[in-house]
Every structure is written in structure tokens, then in C-alpha cells.
Amino acid sequence: KCSRTRDYAAVWNLKGWCLDDLGQINEAIAAYERTLQYDMSISRVWYNVGLLYMRIGRQQDAFKAYTNAIMYDPKNAVAQSNMGVYYVKMGEPEKALEYALKAMELDVRIYQAMSTAALSYKMLGDEENAEKYCKMYGLHGGNAKQLRQRLKDVG
């Protein structure tokens, strides 16, 4: 039984995570939004709901969610990385690269940001750095073969 606001936020956050895991995206979004009604300062909830917004094509809502995630925790490497992905999808490689590099500065293990950096460099016409970050992505656990195909599709 929940007795504090923090308890309710934890329960709704877990529910959102479970619903997302089950593929019930709209229900997961509702649970995360409910979490934020109890505590708007939980950075990981903001970036989780941002990911879901991106999946269903609500880019502006994703942008707002990632912005809040970073505002509440500027050192959240995952939120920084997610914002980079947002900017790649919006066709803004300079901004994407800025967030990807910041994410890697905060956590050198965040291989998703390496993918974003590779794509950003490719979009900017810097083949050498695109390849460098593609290799780093593979060395840190990402599927470099798949990323190379995405890089080919970019240009």
C-alpha cells in the first residue's frame, strides 16, 4: 500500500516499464504520464516516455520529454543520447552530434551514442569519423554490420 507520493511514482513507473515490455505502448505512455503527475523530476521516466513517443511518431512530444529528462538530470547520458537520436531523425546532424558526444563524455560505454555520432558524421560528409564511430559502436556491443548498412543508406 502506497503512503507517500514517491511510492505512487515508483509503482506507476514500474507499471509503465512492464507495459512497454509487453508491447502495450499507449498504456505504457499513460502509466509514465501518471508517474510524472506524482513526480515530474524523474529523468529516466521522461526519457522512457520520450522513446515511446518517438516510436509512435509523436516527435514533438518526444523532444519535450527528452528536454525535461536533461533538465532534471543534465548528467543523464541516456537522455543526452536519446536527444541525439531525435535530431538525427529530424535531419539535424550538427545538433545530433553535439548530444551524442555529450552522452559519450558522460558515459564512455553508451554505444547508442556512438551510432548517432557515426550517422551524424556521415550526414555531414565526414567519412573518416563516421567509420571511426562505427568501429567503436561495434567494439562496445552494437551491430556494426547493421550500422554500416544504415551509413550506406544515408549517402
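This structure is a prediction, so every number in the text was calculated from the model and none was measured.
- The minimum heavy-atom distance between Cys134 and Ala118, with the atom names listed, is N-CB, 3.8 Å.
- Taken from OH in Tyr86 to OG1 in Thr67, the straight-line distance is 8.0 Å, to the nearest 0.5 Å.
- A donor-acceptor contact shorter than 3.5 Å links the side chain of Tyr32 to the backbone of Trp17.
- Val45 and Ile56 fall within the same hydrophobic cluster, defined by Ile, Leu, Val, Met, Phe, Trp and Tyr side-chain heavy atoms under 4.5 Å apart, directly or through other members.
- Between Val88 and Ser120 there is a side-chain heavy-atom pair separated by less than 4.5 Å.
- Remark: side-chain polar atoms of Trp46 are paired, donor with acceptor, to backbone N or O of Met40 under 3.5 angstrom.
- Considering all non-hydrogen atoms of both residues, Ala103 and Ala77 come closest at CB-O, 3.4 Å.
- Partners of Tyr121 according to the ring pair (Phe, Tyr, Trp, His ring centres under 6.0 Å) rule, which considers only residues two or more places apart in sequence or in another chain, are Tyr133.
- Between atom CD1 of residue Ile70 and atom NZ of residue Lys75 there is a gap of 14.5 Å, rounded to the nearest 0.5 Å.
- The closest side-chain heavy-atom distance from Asn13 to Ile42 is not below 4.5 Å.
- The CG atom of Asn68 sits 12.5 Å away from the CG atom of Asp73 when rounded to the nearest 0.5 Å.
- Within the structure, ring-ring contact (aromatic ring centres under 6.0 Å, His included) pairs that include any residue of residues 135-154 comprise Tyr111-Tyr137 (at least two apart or interchain).
- The side-chain heavy atoms of Arg150 and Ser115, taken from C-beta on, include a pair separated by under 4.5 Å.
- Under the salt bridge (charged side-chain N to carboxylate O under 4.0 Å, His left out) criterion, Lys15 pairs with no residue, sequence neighbours left out.
- A donor-acceptor contact shorter than 3.5 Å is absent between the side chain of Gln59 and the backbone of Met54.
- For the residue pair Ala130 and Leu151, the shortest heavy atom distance occurs at O-CD1, 4.2 Å.
- Remark: Gln24 CD to Ile29 CD1 distance equals 12.0 Å, nearest 0.5 Å.
- Here the closest heavy-atom approach between residue Ala9 and residue Thr35 is recorded as O-CG2, 3.3 Å.
- Residues Gln112 and Val85 have side chains not in contact (no heavy-atom distance under 4.5 Å, counting atoms from C-beta outward).
- Residues passing the side chain to side chain donor-acceptor pair (under 3.5 Å) test with Asp20, sequence neighbours excluded: Arg55.
- Between the NZ atom in Lys64 and the OH atom in Tyr53 there is a gap of 9.5 Å [rounded to 0.5 Å].
- Residue pairs that meet the salt bridge (Lys or Arg N to Asp or Glu O under 4.0 Å) test with at least one member in residues 107-118, sequence neighbours left out, are Asp107-Arg109.
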Test Tyr66 against Asp61 for side chain to side chain contact (heavy atoms under 4.5 Å, CB included), laying out the working first. CA-CA 9 Å; Tyr66 296 151; Asp61 289 327; over 6 Å; no
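- In the hydrophobic clustering of this structure, Ile110 groups with Met114; members are Ile, Leu, Val, Met, Phe, Trp, Tyr whose side-chain heavy atoms approach within less than 4.5 Å, directly or through other members.
- In this structure Glu131 satisfies the side chain to side chain donor-acceptor pair (under 3.5 Å) test together with Arg148, sequence neighbours excluded.
- Evaluation of the side chain to side chain donor-acceptor pair (under 3.5 Å) rule for Arg44 yields no partner, not counting sequence neighbours.
- Not counting sequence neighbours, Arg6 has no partner by the salt bridge (charged side-chain N to carboxylate O under 4.0 Å, His left out) test.
- Judged as a salt bridge (charged side-chain N to carboxylate O under 4.0 Å, His left out), and not counting sequence neighbours, the contacts of Asp7 are Arg4.
- Placement of Val11 and Leu19 in two distinct hydrophobic clusters is found when ILVMFWY residues are connected by side-chain heavy-atom separations under 4.5 Å, directly or transitively.
- One hydrophobic cluster, built from ILVMFWY side chains closer than 4.5 Å, holds both Leu14 and Leu52.
- Minimum interatomic distance between Gly84 and Ala96 (heavy atoms only, all atoms of both residues): O-CB, 3.3 Å.
- Using a cutoff of 4.0 Å between basic side-chain nitrogens and carboxylate oxygens, Lys95 and Glu98 are not scored as salt-bridged.
- Residues satisfying the side chain to side chain donor-acceptor pair (under 3.5 Å) criterion with Asn76, sequence neighbours excluded, are Ser43.
- Here the NZ-CD distance, from Lys102 to Gln80, works out to 6.0 Å after rounding to the nearest 0.5 Å.
- Linking ILVMFWY residues whenever their side-chain heavy atoms come closer than 4.5 Å, directly or via other members, places Tyr47 and Leu101 in the same cluster.
- The ring pair (Phe, Tyr, Trp, His ring centres under 6.0 Å) check on Tyr87 picks up Tyr99, with sequence neighbours excluded.
- Listed here is the closest heavy atom pair of Ala28 and Gly16: CB-O, 3.4 Å.
- When the salt bridge (charged side-chain N to carboxylate O under 4.0 Å, His left out) test is applied to Glu33, no partner is found at least two apart in sequence or on another chain.
- The closest side-chain heavy-atom distance from Leu119 to Leu147 is below 4.5 Å.
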